[in-house]
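Remember, predicted model here, so these are calculated numbers, not experimental data.
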Amino acid sequence: MPELPEVETTRRGIEPHVVGKTITSIVVRNSRLRWRVSTKLKRELPGRTIHTVTRRGKYLLLATATGTLILHLGMSGSLRVVDGTQPPDKYDHVDIVFNSGDCLRLHDPRRFGAVLWVRDNPLQHKLLKHLGPEPLSADFHGDYLFEKLRGRRRAIRDALLDGRLLAGVGNIYANEALFAAGIRPARRAEKITRIQYGRLALAIRDTLNRAIQAGGTTLRDFRGSDGQPGYFHLSLSVYGHEGEPCPVCRTPIRAKRLGQRTAFFCPKCQM
DNA sequence: AGAGGTACCTGGCAGC
DNA sequence: TGCTGCCAGGTACCTC
């Protein structure tokens, strides 16, 4: 589910409800997420106050004075702020309960998500340390892509999914941005010109920004922190639209297996 | 170093 | 209706 826009939508949704709140307890109903949820959380988090809620790539960082809670939503995770008395459902694996009576509830059917507690600088944690630039930041631009991908033979779609190149872009937005830039997903990175990379960087930024504005993309089960789905799926041009007409030229959209995941493109608009 | 495959897990859906 | 197989928004880790 969640790529950068969905995580950012979640961040904005929970921020006003958790900043300044003090944690009273942690409830772990199923500790078997991507990594086992540490029992340290129950000891160390009560009494801590959340100072900030930030995002790095697809990771959410809830900072306290003594450490940071790192949350990842995996493929199917979502976070909601609910009244602590509300009964959990089958996939509500972790609650972070606050002194206000509210709790931050992690729902994750596939359990690819993560909840980690780190005392040191979270940006130096091994999961975050090697992440590439934020696509919405000033240090991400076409020249960066051109320099980093010079001589690389891999498909551009695969390169865009690599968090070490660029943080937070997943399969949906990689495909959508490539469509907007007129570049085929299977195109070898080394064949793309500096000019085209300039267009691609702008397309990535624009696609992500528009998705955030729409509250993210809901394909199956994504819900924002208010329980509402995102609406960007209504704006998807190619992703999930195999056989349907290209919104620009009406040529049927094609789907192609690239590596382990499906790429979508317009054979006429994308070269 | 880079590329490719596997693994983690469940729900939904197409096809029979 | 029910079973089987395949697919899915992520990414660490392994082998070649």
**Report entry** Assigned partner base of C:dG9, Watson-Crick or wobble definition, under 3.5 Å
**Finding:** none

Report summary line: The Watson-Crick or G-U wobble partner of B:dC9, with both key distances under 3.5 Å, is none

**Report entry** Distance between P atoms of B:dA1 and C:dT11 (Å, rounded)
**Finding:** 23 Å

Query raised in the report: On a whole-Å scale, what distance lies between the C1' atoms belonging to B:dA3 and C:dG9?
Result: 23 Å

Could you tell me whether the phosphate oxygens of [N], OP1 or OP2, come under 4.0 Å of any side-chain nitrogen or oxygen in [X]?
{"X": "A:Arg261", "N": "C:dG9", "result": "yes"}
{"X": "A:Tyr239", "N": "C:dG9", "result": "yes"}
{"X": "A:Thr262", "N": "C:dC7", "result": "no"}

Regarding [X] and [Y], does a basic nitrogen lie under 4.0 Å from an acidic carboxylate oxygen?
{"X": "A:Arg152", "Y": "A:Glu190", "answer": "no"}
{"X": "A:Glu8", "Y": "A:Arg11", "answer": "yes"}
{"X": "A:Asp95", "Y": "A:Arg29", "answer": "yes"}
{"X": "A:Glu6", "Y": "A:Lys58", "answer": "no"}
{"X": "A:Glu44", "Y": "A:Arg48", "answer": "no"}

Atom-pair distance ([atom1] on [X]; [atom2] on [N]), nearest Å:
{"X": "A:Glu3", "N": "C:dG9", "atom1": "CD", "atom2": "P", "answer": "8 Å"}
{"X": "A:Tyr173", "N": "C:dG9", "atom1": "OH", "atom2": "P", "answer": "12 Å"}
{"X": "A:Asn171", "N": "C:dA8", "atom1": "CG", "atom2": "P", "answer": "8 Å"}
{"X": "A:Trp35", "N": "B:dC9", "atom1": "CH2", "atom2": "P", "answer": "13 Å"}
{"X": "A:Leu236", "N": "C:dG9", "atom1": "CG", "atom2": "P", "answer": "12 Å"}
{"X": "A:His241", "N": "C:dG9", "atom1": "NE2", "atom2": "P", "answer": "14 Å"}
{"X": "A:Lys58", "N": "C:dG10", "atom1": "NZ", "atom2": "P", "answer": "4 Å"}
{"X": "A:Asp108", "N": "C:dG10", "atom1": "CG", "atom2": "P", "answer": "13 Å"}

Query raised in the report: Taking all atoms of both residues into account, what is the closest heavy-atom pair of A:Ala177 and A:Leu200, and its distance?
Result: O-CD1, 4.0 Å

Requested in this report: Take A:Phe112 and A:Leu73 through the side-chain contact (heavy atoms from CB on, under 4.5 Å) test and state the conclusion after the steps.
Outcome: CA-CA 7 Å; A:Phe112 287 175; A:Leu73 301 178; over 6 Å; no

Query raised in the report: With a 4.5 Å limit on heavy-atom distance, are the side chains of A:Lys256 and A:Pro185 in contact?
Result: no

Report task. For A:Arg36, report the nucleic acid contact type (base, sugar-phosphate, nothing); a contact means any heavy atom under 4.0 Å. Result -> nothing

Query raised in the report: Of all of residues 159-168 of chain A, which get a heavy atom below 4.0 angstrom from DNA chain C, listed by number?
Result: none

Requested in this report: Taking atom CZ of A:Arg153 as the centre, report whether more than 12 heavy atoms of other residues, nucleotides or ligands fall under 6.0 Å from it.
Outcome: no

Query raised in the report: Within a reach of under 6.0 Å around CZ of A:Arg257, are more than 12 heavy atoms found that belong to other residues, nucleotides or ligands?
Result: yes

Requested in this report: Could you run through nucleotides 1-8 of chain B and give me one letter per nucleotide, 5' to 3': B if any protein heavy atom sits under 4.0 Å from the base, S if only the sugar-phosphate is that close, - if neither?
Outcome: -SS-SB-B

